[in-house]
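The block underneath contains the structure these notes are about, expressed in structure tokens.
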Amino acid sequence: MIRFENVTKRYGENIGLEEATIHIEKGDFVFLVGPSGAGKSTFIKLILREIKPEEGEIYLDDMCVTQISNREIPKLRRKAGIVFQDFRLLEKKTVYENVAFAMEIIHKSRKEIRRQVPQILSLVGISDKAYNYPEELSAGEQQRVAIARAVVNNPTVLIADEPTGNLDPATAMDIMDLLNKINRRGTTIVMVTHAKNIVDVMHKRVIAIQNGRIVRNEFGLYGYEHEESLEDDTTEEVFYV
Amino acid sequence: MFSRLGYNIKQAFVQINRNKAMTFTSVLAITAMMLILGVFFVATININLFAEVVKQDFDMVELYMEEDFPLDSIKQIGTDYESNEGVSKVEFRSKEDALEIMKSRWGENGYLLDNLGGNPLPDSLIIYVKNAETAETIANEALDIEGVEDIKYYQETVDKLTKTTNFIQIASLIVMLFLVLVSIVVVSNTIKLTVFARAKEIRIMKYIGATNWFVRGPFLIEGIIIGLISAIVSTGLVAVIYDNIMSIIGADIIRILSVPIVPIEYLAINLAIIFVALGVGIGSCGSVISMRRFLDK
Ligand SMILES: Nc1ncnc2c1ncn2[C@@H]1O[C@H](COP(=O)(O)OP(=O)(O)OP(=O)(O)O)[C@@H](O)[C@H]1O
Ligand SMILES: [Mg+2]
């Protein structure tokens with residue numbers, strides 16, 4: 001599904017990723033963890049061909065990400081839904097239009113759009129806000145819209161770079177429930193996070209990166225003691241209620 | 001992109017509305033360029049027409065024959081020329097005919113010719129040629145023919161005229177090329193402003209898999225609209241200016257130079273086609289260039 005083979009990416013002197021070899025299976029739910037500056041975002045940017053590695057090959061399904069031409073990048077990105085920490089919704093469009101826009105981009109018919117968008121909005125639980133603008137929504141609601149937009153075209157993989165980074169713990173857990181739900185529908189999920197509690201409670205595969213190297217790839221816990229993210233300290237109570 | 005033409009056009013107008021000052025500047029720059037082009041164009045086609053008319057008048061070589069050269073021999077020379085590929089017609093003009101023609105040309109002064117006490121004019125052969133090269137060859141060789149005293153032809157005048165038009169065409173091409181480049185830069189800078197204003201949106205579009213042409217759509221239309229507005233304004237301006245100038249000096253030109261001038265309708269239609277094509281070209285180029293660095297990522 002996603003395969004890194006001996007991938008090295010440098011930013012001048014800085015190391016982004018070094019000799020990374022990893023295989024993520026179809027249907028997996030993977031947490032990408034590690035200290036700040038470890039190379040997590042680099043890993044994701046490489047999958048989306050935002051950057052190219054110096055060495056190694058990357059595959060997404062049958063597509064060799066490192067070999068495709070620039071013209072094929074849109075095709076690659078349509079295979080992957082993307083969610084960011086800061087949502088990145090179009091402010092001048094309503095919730096409905098934001099999601100519909102992702103379908104317009106790939107030239108889906110109006111009919112299809114009218115059928116599909118409400119379904120996805122209901123899947124992420126935001127149907128009642130369909131005609132609101134992003135600024136009228138809470139952070140959690142905005143992230144739901146972003147997720148709806150990411151999955152509306154049925155991507156094979158959903159990639160999320162700290163999707164709960166801007167959310168309070170309770171909202172973060174709601175989003176995790178949603179991602180779980182999407183994962184169970186068959187979508188592979190790769191999620192970068194600093195939230196120990198989330199990783200620990202979800203109990204999924206964890207890939208740990210440190211100084212650009214993949215240092216761990218196993219099922220289970222977050223594995224780092226201290227965390228810089230605020231979420232840890234505060235989430236605990238919410239968690240165990 | 002075309003399935004979304006409506007969206008693209010709407011978006012383009014929104015962008016232009018947000019960016020009125022720069023749009024105005026671009027239109028001004030392109031219009032100025034087109035006006036200069038228009039002047040060159042008008043001059044060129046009028047001179048071309050003038051040259052055509054002059055060529056029609058002067059596409060002949062006149063051979064003056066020696067006094068008392070036998071008529072049969074003259075006619076023989078004429079027949080020889082008639083078989084020449086580049087010659088369309090050969091006319092014999094006797095000295096009597098020549099005098100008649102001169103008399104009628106001189107009009108009321110024609111009586112002066114009556115006092116000559118004889119006819120000083122020679123017999124002549126008038127050779128009408130199909131092209132300038134033939135005229136030149138004939139002119140160069142004719143003097144060697146027995147019985148030919150002198151020749152008269154207007155090749156030089158035609159040559160000069162042709163050179164002038166060629167020069168004007170080349171000069172206008174160079175000036176044009178330069179102005180087109182300037183216009184493209186101005187348009188691309190204008191559109192760059194709207195691109196930057198929508199940078200975040202474009203990045204999002206790229207993330208969710210929009211092709212470059214999809215993203216370009218509205219900006220392309222924006223460029224094309226700027227080009228079209230310029231074309232319309234320029235066509236109007238050139239037409240009005242030309243009309244005014246010609247209503248003042250047009251009649252004089254016809255009278256003095258005895259050549260026609262190109263009618264405004266013909267001019268306006270052709271200018272409109274050229275300006276629209278040019279405007280659309282400049283607008284699209286400017287827009288594609290303005291986004292080049294932005295979309296390469
Ligand atoms: N465009 C860039 N130019 C130079 N260095 C870069 C660039 N992007 C990333 N880096 C460096 O590469 C390394 C990995 O960065 P990356 O963004 O992948 O880290 P990260 O794991 O996502 O960190 P965080 O958890 O803080 O988001 C860091 O040392 C970073 O400084
Ligand atoms: Mg990061």
Side-chain angles (χ1 to χ4, degrees), chain A residues 44-45 47-52 60 63 68-84 86-93 97-110 112-113 134 142 145-161, chain B residues 1-20 22-23 188 191-223 225 284-285 287-297:
Chain A
I44 280 179
K45 285 177 184 164
I47 299 176
L48 300 171
R49 247 295 276 278
E50 230 184 294
I51 49 176
K52 270 177 128 173
L60 177 60
M63 208 181 226
I68 59 171
S69 69
N70 284 347
R71 289 190 49 209
E72 290 174 290
I73 293 177
K75 211 171 126 203
L76 165 73
R77 301 214 172 138
R78 287 166 193 187
K79 283 170 167 289
I82 304 142
V83 175
F84 297 96
D86 56 356
F87 323 131
R88 302 197 190 174
L89 300 172
L90 298 172
E91 290 144 29
K92 289 185 206 80
K93 290 186 189 287
E97 287 164 350
N98 262 283
V99 178
F101 189 59
M103 296 185 76
E104 283 169 24
I105 277 179
I106 61 168
H107 306 291
K108 284 281 160 64
S109 70
R110 281 209 190 127
E112 265 177 297
I113 293 174
Q142 289 188 51
V145 179
I147 292 171
R149 182 181 64 190
V151 300
V152 72
N153 292 324
N154 288 316
T156 49
V157 59
L158 177 63
I159 292 172
D161 198 348
Chain B
M1 173 192 164
F2 295 105
S3 58
R4 290 165 36 86
L5 199 58
Y7 165 84
N8 283 334
I9 292 174
K10 207 177 105 197
Q11 194 62 45
F13 274 108
V14 171
Q15 284 165 196
I16 285 173
N17 197 38
R18 276 199 211 124
N19 198 7
K20 282 191 209 94
M22 271 306 278
T23 304
S188 83
I191 293 177
K192 220 176 260 172
L193 285 187
T194 37
V195 172
F196 281 131
R198 293 186 58 204
K200 202 176 141 201
E201 209 176 326
I202 292 173
R203 216 167 302 128
I204 293 171
M205 285 160 84
K206 293 283 290 177
Y207 261 120
I208 48 186
T211 59
N212 283 349
W213 280 111
F214 184 96
V215 177
R216 276 190 200 116
F219 300 98
L220 201 62
I221 306 267
E222 183 183 353
I225 291 172
S284 342
C285 282
S287 134
V288 169
I289 288 173
S290 73
M291 308 197 69
R292 201 179 44 190
R293 260 209 246 121
F294 206 86
L295 288 178
D296 269 354
K297 293 179 203 165

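Just so it is clear, the structure is predicted and the values come from calculations on it, not from any experiment. Here is how names work: the chains are called A, B, and so on, in the same order as the sequence lines, proteins then strands, and each is numbered from 1.
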How close do Ala80(A) and Ile159(A) get, heavy atom to heavy atom, and via which atoms? CB-CD1, 4.3 Å

Chain B contact via Lys92(A) - side chain, backbone, both or neither, heavy atoms under 4.5 Å: side chain

Which portion of Glu104(A) sits near chain B, non-hydrogen atoms under 4.5 angstrom: both

Would you say Arg49(A) and Asn70(A) are linked by a side-chain donor-acceptor pair, where the criterion is simply a distance under 3.5 Å? yes

Side chain to side chain contact (heavy atoms under 4.5 Å, CB included) filter on Leu89(A), not counting sequence neighbours, yields Phe87(A), Asn98(A), Pro134(A), Gln142(A), Val145(A), Ala146(A), Arg149(A)

Listed by chain and number, what are the side chain to side chain contact (heavy atoms under 4.5 Å, CB included) partners of Ile106(A), not counting sequence neighbours? Arg78(A), Lys108(A), Asn153(A)

Which atoms of Ile204(B) come close to chain A, meaning under 4.5 Å heavy atom to heavy atom: side chain ones, backbone ones, both, or neither? side chain

